[in-house]
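Right, one structure below, let's go through it.
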Number of protein chains: 2
Amino acid sequence: MQDALSQTFAALADPTRRAILARLSEGEASVSDLAAPFLGSMSLPAVTKHLKVLEKAGLISKSRNAQWRPCKLEGEALRDASSWMEQYRVFWEESLDRLDAYLKTVTAKKAASKKRPSSRSRKNVRITK
Amino acid sequence: MQDALSQTFAALADPTRRAILARLSEGEASVSDLAAPFLGSMSLPAVTKHLKVLEKAGLISKSRNAQWRPCKLEGEALRDASSWMEQYRVFWEESLDRLDAYLKTVTAKKAASKKRPSSRSRKNVRITK
DNA sequence: CGGTTAATTAACTAATCAGTTAAATATAGA
DNA sequence: TCTATATTTAACTGATTAGTTAATTAACCG
């Protein structure tokens, strides 16, 4: 078996599984609730397998309620993955700085030759599935 | 072919590739530089393949310098992956809050029944390979 | 009990992945 | 041009993955 971080990233490397996590971020859901959006394109056992991958990676947990298995998002594994990534933050911020510098020279030139300056939003990071 | 985020996570789901990124975070390096630490456990073409995976995921880029191919870490893809994760931050912080709450009750009881309180560092996130 | 709903397991297939060795390509430099 | 170094490509193998259908388990309910 693999190390925890590899298992987490592998589990995240699939759009169906990420969509399941996105759904779970809105609250607990049973297997069939989670499967519903995908039953047009894959079978229920396929979803069961995706859930097993997520569960083994520690990204979700299942409990029991009669014949249902409510699933719940677990943050720990995501936090570990995210904090692993933090060590690289300087690399993407560095490139934004270069973009900033570039945009500033462009803006300066435009201002000098024509009209109003433009701005760029660095915050407002998009939330996607 | 897959979506960008899936490719990025898939590329990160391997300890050899993560180690290569870690090495590149210290500066550019040629293929053989990057391969050196692994030549005891895998062949050079295996490393070439790992580099190709990283390159296709946009995590690194290669340039040419004589017969060498200096590789460089590219931050963009990591930033995208990281900002995708951000939407889940509330989940792991929430669980830390619960841990906090729990630890407080324990600490309170200990303080009441015996000696000095303990503390927990939430910052100081470890940087690992 | 018998039927229905929820979910999992089994057995199988096709595709992709991580590695191998051997051969090919590219560049430098004597 | 010949040779050495750096790297890639080709062809192959075994393991893992993502899906399938069919059968099974589990729990509720009339």
Side-chain angles (χ1 to χ4, degrees), chain A residues 1-21 23-24 27-73, chain B residues 1-21 23-24 27-72 129:
Chain A
M1 192 174 287
Q2 289 190 110
D3 62 289
L5 216 37
S6 296
Q7 253 187 272
T8 303
F9 284 130
L12 294 177
D14 180 290
T16 301
R17 291 193 290 259
R18 290 197 304 277
I20 288 172
L21 292 180
R23 167 65 186 76
L24 287 177
E28 300 199 7
S30 71
V31 173
S32 34
D33 287 346
L34 291 171
F38 307 110
L39 293 182
S41 56
M42 76 181 69
S43 69
L44 186 59
V47 175
T48 293
K49 283 192 177 181
H50 280 302
L51 292 175
K52 207 163 280 294
V53 171
L54 290 168
E55 196 178 14
K56 281 197 179 162
L59 288 161
I60 68 169
S61 63
K62 278 185 227 173
S63 49
R64 339 188 64 164
N65 178 7
Q67 65 252 229
W68 292 274
R69 299 294 128 87
C71 300
K72 183 172 161 296
L73 199 154
Chain B
M1 190 176 288
Q2 287 189 109
D3 62 289
L5 216 38
S6 296
Q7 254 187 273
T8 302
F9 284 129
L12 295 176
D14 180 290
T16 302
R17 290 194 289 260
R18 289 196 305 277
I20 289 172
L21 293 180
R23 166 64 187 76
L24 286 177
E28 300 199 8
S30 71
V31 173
S32 33
D33 288 346
L34 292 172
F38 307 109
L39 292 181
S41 56
M42 76 182 68
S43 68
L44 186 57
V47 175
T48 294
K49 283 191 178 183
H50 281 303
L51 291 176
K52 206 161 279 294
V53 171
L54 290 168
E55 195 178 15
K56 282 198 180 163
L59 288 161
I60 68 168
S61 63
K62 279 185 226 173
S63 49
R64 338 189 64 163
N65 178 8
Q67 66 253 227
W68 293 272
R69 299 294 127 88
C71 299
K72 184 173 161 296
K129 271 189 292 199

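Here is the naming used below: chain letters follow the sequence lines, and residue numbers restart at 1 for every chain. The model shown is predicted, which means the values in this text are computed figures rather than measured ones.
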Nucleic acid footprint by protein, nucleotides 15-30 of chain D - heavy-atom cut-off 4.0 Å, B for base, S for sugar-phosphate alone: ---SBBBB----SS--
Distance test, side-chain N/O of B:Lys52 to OP1/OP2 of D:dT7, below 4.0 Å: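 So the side-chain polar atoms of B:Lys52 never come under 4.0 Å of the phosphate oxygens OP1 or OP2 of D:dT7.
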Side chain to side chain donor-acceptor pair (under 3.5 Å) partners for B:Arg23, two or more places apart: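 None.
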Test side chain to side chain contact (heavy atoms under 4.5 Å, CB included) applied to A:Gln2 - qualifying residues, sequence neighbours left out: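 In terms of side chain to side chain contact (heavy atoms under 4.5 Å, CB included), with neighbours along the sequence ignored, A:Gln2 is linked to A:Ser6, A:Gln7.
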Test side chain to side chain contact (heavy atoms under 4.5 Å, CB included) applied to A:Asp33 - qualifying residues, sequence neighbours left out: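 Result, side chain to side chain contact (heavy atoms under 4.5 Å, CB included) vs A:Asp33: A:Ala29, A:Ser30.
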Pairwise side chain to side chain donor-acceptor pair (under 3.5 Å) hits with a residue in residues 36-49 of chain B, at least two apart: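 Non-adjacent pairs meeting side chain to side chain donor-acceptor pair (under 3.5 Å): zero.
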Close approaches to DNA chain C from residues 30-39 of chain B, in residue order (heavy atom, under 4.0 Å):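 Hits under 4.0 Å, by residue number: none.
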Are [X] and [Y] close enough that some pair of their side-chain heavy atoms sits under 4.5 Å apart?
X	Y	answer
B:Leu34	B:His50	no
B:Leu12	B:Leu59	yes
B:Arg18	A:Phe9	yes

By salt bridge (charged side-chain N to carboxylate O under 4.0 Å, His left out) - contacts of B:Glu55 (at least two apart):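 Scan of B:Glu55 (salt bridge (charged side-chain N to carboxylate O under 4.0 Å, His left out), adjacent residues dropped) gives B:Lys62.
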Euclidean distance, atom NZ of residue B:Lys62 to atom P of D:dA6 [Å, nearest integer]: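 Those two atoms, NZ and P, are 16 Å apart.
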